[in-house]
Amino acid sequence: MNDKYNPKDFEEKLYDHWEKEGYFKPDMDKAKETYCIMMPPPNVTGKLHMGHALDDTIQDILIRYKRMKGYNTLWLPGTDHASISTEMKVVQKLKSEGKTKQDLGREGFLKEAWDWTHLYGDTIQKQQKMLGCSCDWDRKRFTLDEGMSEAVLEQFVKLYNDGLIYKGERMINWCPSCHTAISDAEVEYKEESSHLWHLRYQIKGEDRFVEVATTRPETMLGDTAVAVHPDDKRYTDIIGKTCIVPIVNREIPIIADKFVEKEFGTGCVKITPAHDPNDYQAGLDHNLKIIEVFDDNTIMLDLMPEVKEMKAIDARPVIVEKLKALGALVNTEDYIHNVAKCERCKTTIEPKISEQWFVKMKEITKPAIEAVKTGKIKFVPQKYEKTYFNWVENIRDWCISRQLWWGHRIPAYYCNECDHITVAKQNPGECEKCGSTNIYQDEDTLDTWFSSALWPFSTLGWPHDTEDLKIYYPTNTLVTGYDIITFWVSRMITCGWYQMNEIPFKDVVIHGLVRDSQGRKMSKTLGNGVDPIEIIERYGADAFRFSVISGTTMGNDIKYMPEKLDQASNFANKIWNAAKFIIANLVNEEDIKNYCGRVYNSDTEEYNSNLLKIEDKWILNKLDKLVKDVTYNIENYELGIALDNIYSFVWNEFCDWYIEIVKPRLYSENYEDKVGVCDILNHVFGSALKLLHPFMPFVTAEIFKELVEYTNKEIIINKWPHIRKEDFAFNKEEQIVENLKEIIVGIRNVRANMNIHPSKKSELIFVTKEFKKEIEESKNFILKLGFGKEIKLQKTKEGIPTNAISIMGKGIELYIPFEDLVNVEEEIQRLNKEKQRLQSEVARGEKMLSNPGFINKAPESKINEEKEKLVNYTKMLKVVEERINNMK
Ligand SMILES: [Zn+2]
Ligand SMILES: [Zn+2]
């Protein structure tokens with residue numbers, strides 16, 4: 001072992017070694033229980049950010065734990081083609097070269113996109129390796145690879161044949177910047193301050209008006225009705241009449257519809273079916289005309305000559321002026337409202353009527369609702385079921401077509417002769433209806449989530465009936481952030497059930513977002529982002545993993561505390577130094593293995609009772625508790641607590657107590673005893689390293705190599721420590737040592753309070769009826785850790801001087817003769833000097849504070865400071881006087 005802990009010395013080497021040995025691969029043993037995680041595929045051209053790093057660390061912990069638990073484990077990695085985001089990046093790159101995607105044409109553009117993918121495609125994979133991810137890289141998938149593309153076609157064709165995919169005109173969310181339709185899940189809402197324009201339309205043939213309000217006055221050019229609530233008494237008499245839209249002078253009906261909120265504004269609303277989803281529905285219900293005001297690029301159409309071909313936003317003031325001039329503008333007020341934005345580029349969404357492909361979700365989502373309701377699928381923490389149900393219970397048809405090129409092209413072929421649409425996995429060559437070969441394929445591609453919705457089974461080779469699919473589907477745990485419960489989790493459950501008739505995973509583990517130490521979102525603009533790779537390069541992967549897991553709870557956002565990295569490094573150093581000490585003191589390995597058939601054999605649970613001392617029994621019991629706690633906490637996804645359990649065991653119980661307690665035995669002449677200690681040190685430390693391995697895989701593996709290992713297996717494929725049978729528990733011994741520890745802490749506190757030098761040893765008088773034997777057995781370490789020169793044991797307090805200092809334990813009392821700690825004469829002298837000093841300080845303060853010159857002139861802060869000093873000196877003086885009295 002190197003003298004100093006330096007992760008650079010071994011992390012990369014170990015990873016390469018593990019990969020070469022094939023330790024990340026499942027063993028395909030059908031007799032074993034399986035445990036499978038599908039890695040949520042990051043964007044293929046992305047870089048590892050804190051979110052991924054946390055996500056991957058959690059998954060790696062679970063996989064390493066289950067692997068050691070003896071499961072047939074598979075963690076399958078992969079990447080997503082991320083249609084919009086990748087296409088945007090390539091378009092930007094072309095733009096910088098003065099080209100557009102249209103210049104290149106579809107094929108040329110796709111070639112560019114593939115080049116881009118190949119160039120950046122394995123960056124994130126390399127970074128995941130640095131993090132220590134133990135996934136089976138040979139099984140890695142890409143959502144645009146051949147197999148996944150086949151899966152997408154299979155899914156599309158089945159949905160189509162089942163009547164669940166249709167092409168239709170619907171109001172969709174249009175992003176004018178990305179130039180594509182996007183799904184509801186990709187829309188986010190942002191509060192914006194704006195205005196509310198109140199307009200009035202004259203009722204035809206009357207001198208009356210209806211007043212409506214809008215945040216987008218330019219859309220009034222496309223109004224085709226005004227609506228009121230049928231129960232609104234104010235308007236009963238005008239329902240069925242018509243009014244005139246100013247500027248365009250169009251006569252439109254006044255209709256009644258329950259969707260109108262009576263209390264909002266005047267209770268009258270204008271209906272623009274072409275540009276608002278509610279209005280669109282009202283338009284369908286009332287058979288209204290649809291008049292578009294602007295096009296896909298929000299360029300004004302020819303409804304008002306003055307604004308023709310202007311941007312809608314620029315046309316707005318012109319239209320408002322005109323309305324004012326016509327007396328149709330009542331007033332304008334400030335208004336804050338939620339504006340729909342494109343999740344990808346933050347551009348304001350335009351609701352738009354367009355021909356798109358949709359999946360009817362309602363029917364196929366039902367089993368997905370059931371699966372969570374009945375507990376077949378469990379959300380951890382459970383509170384996220386709410387987000388899920390909220391989405392799936394109000395599910396709308398899923399708009400799956402995108403006006404993009406990078407992605408799975410829609411397998412629909414249109415006939416130029418008869419307009420029939422043929423949907424097929426492969427180009428059919430001819431129209432299935434009329435046989436014409438004059439056909440062409442749909443230009444659009446599918447929503448990225450259409451392919452990732454199939455991820456849990458397409459990655460296993462579906463639609464082919466592969467061995468992997470049989471063994472690993474359904475998978476066990478999905479680990480992801482709460483932001484994609486709607487986008488992704490819900491659709492995987494729906495599609496999993498639809499194709500496989502089985503849930504895709506059992507537990508959905510939701511983690512929070514990683515925020516900065518002040519709780520702010522990490523962002524480029526704030527410059528508060530943390531690059532996990534930079535940290536790994538500086539502190540090592542183990543420290544990084546520790547820093548994101550320690551102290552965190554699933555589901556809650558994580559405040560990223562950089563000081564945790566120092567804590568992690570200190571911890572790794574502590575382990576490193578403990579290892580060096582143990583290894584340096586280990587006796588001949590063969591002796592440990594053979595001696596007395598081993599002092600303690602964890603497999604058979606046999607132990608040599610003569611060699612096992614009370615402290616050994618204590619630490620074995622403590623270890624048991626630790627194994628129990630850590631196992632329980634990992635099983636319940638309480639990884640932060642599990643890590644903290646190990647941390648405090650290793651740091652406190654093992655390093656600070658056990659090693660210190662057994663040091664005298666390690667140096668003893670009694671070889672038999674020395675071998676005994678070595679066996680227990682080796683066993684307990686090795687077990688703790690195993691428990692820590694999933695969290696800090698590198699340092700544990702590096703050290704474990706140096707210990708005596710009875711199975712000769714590397715830690716990564718070693719057995720998870722088991723809990724000993726109840727009958728072998730050493731509960732009594734554990735209690736006694738805990739008791740003695742408390743007393744030793746008591747001794748240390750007393751000595752620290754009295755400022756006693758460590759070289760000054762004292763007599764330790766124990767008064768106990770029940771624990772005489774145990775204290776005698778523990779004599780060596782009590783003397784050493786309790787600064788004792790001699791131990792006396794008695795049944796009563798007889799003969800103990802009254803001024804002896806007492807420390808009470810359970811069933812044990814300890815007395816330390818006062819004279820052993822201090823020389824009374826010297827101490828009284830010292831205290832008297834201290835008393836004089838304090839008396840003069842008190843006198844000085846009193847004099848100052850009674851001096852009117854000071855009180856009237858000095859600033860208040862100075863006066864308060866003096867008052868405080870006086871209080872403190874008076875208190876200290878009292879304590880010293882008391883101590884002098886006690887001495888006497
Ligand atoms: Zn956009
Ligand atoms: Zn045809």
Side-chain angles (χ1 to χ4, degrees), residues 43 45-46 80-95 100-102 109 113 157 160-161 166-167 170-190 192 275 277 294-299 311-313 338-356 398-407 410-450 483-484 486-488 523-525:
N43 182 346
T45 59
D80 192 287
H81 65 286
S83 60
I84 295 191
S85 134
T86 308
E87 179 148 336
M88 266 172 65
K89 281 182 193 158
V90 179
V91 166
Q92 261 161 26
K93 181 198 164 237
L94 291 175
K95 200 175 165 192
T100 70
K101 72 186 235 207
Q102 281 73 22
F109 178 80
V157 172
Y160 186 78
N161 291 339
Y166 65 94
K167 192 172 186 188
R170 283 286 185 281
M171 175 131 298
I172 46 101
N173 306 300
W174 178 261
C175 174
S177 165
C178 297
H179 229 87
T180 178
I182 61 174
S183 70
D184 293 341
E186 289 162 304
V187 175
E188 57 183 30
Y189 290 89
K190 205 181 145 230
E192 267 182 11
H275 298 291
F294 39 76
D295 69 7
D296 292 354
N297 299 313
T298 64
I299 298 296
K311 283 229 126 217
I313 195 73
N338 272 324
V339 180
K341 301 277 176 185
C342 169
E343 180 249 359
R344 186 65 52 188
C345 73
K346 315 297 174 201
T347 304
T348 302
I349 292 299
E350 282 301 332
K352 180 179 122 89
I353 300 160
S354 137
E355 270 237 296
Q356 301 285 348
W398 175 14
C399 174
I400 49 169
S401 44
R402 296 290 182 272
Q403 290 65 57
L404 301 167
W405 284 345
W406 179 241
I410 291 176
Y413 302 83
Y414 301 91
C415 177
N416 273 322
E417 307 287 337
C418 76
D419 282 345
H420 179 75
I421 303 174
T422 308
V423 167
K425 283 175 82 171
Q426 267 151 13
N427 189 333
E430 55 176 48
C431 167
E432 65 181 354
K433 196 171 171 200
C434 73
S436 164
T437 52
N438 189 4
I439 58 170
Y440 63 95
Q441 190 177 359
D442 197 301
E443 288 293 324
D444 288 355
T445 52
L446 289 163
D447 181 6
T448 283
W449 302 97
F450 192 88
D483 46 340
I484 51 178
T486 52
F487 279 116
W488 193 43
S523 77
K524 269 196 193 131
T525 26

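Note that ligands are numbered from 1 as they come in the structure, with each ligand's atoms numbered from 1 the same way. Because the structure is a prediction, the values reported are computed rather than measured.
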Does C342 reach the side chain of I349, with side-chain heavy atoms less than 4.5 Å apart?
-> yes
CD of E87 to NZ of K101: how many Å apart, nearest 0.5 Å?
->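 NZ of K101 is found 4.0 Å from CD of E87.
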Distance from D442 atom CG to Y414 atom OH, nearest 0.5 Å?
->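 One finds 3.5 Å between CG of D442 and OH of Y414.
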Tell me how many protein N, O or S atoms are closer than 2.8 Å to the Zn ion (ligand 1).
-> 4
Determine, stepwise, if the pair E186 / T448 fulfils side-chain contact (heavy atoms from CB on, under 4.5 Å).
-> CA-CA 11 Å; E186 289 162 304; T448 283; over 6 Å; no
Has C434 got an N/O/S atom less than 2.8 Å from the Zn ion (ligand 2)?
-> yes
What orientation do W488 and W449 show, parallel under 30°, tilted 30 to 60°, or perpendicular over 60°?
->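 Tilted: the ring planes of W488 and W449 meet at 30° to 60°.
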Taking atom NZ of K433 as the centre, report whether more than 12 heavy atoms of other residues, nucleotides or ligands fall under 6.0 Å from it.
-> no
Which value, rounded to 10°, describes the SG(C431)-the Zn ion (ligand 2)-SG(C415) angle?
-> 110°
With distance as the sole criterion, is a donor-acceptor pair present between the side chains of T100 and K95 under 3.5 Å?
->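 The criterion, which ignores hydrogens and geometry beyond distance, is not satisfied for K95 and T100.
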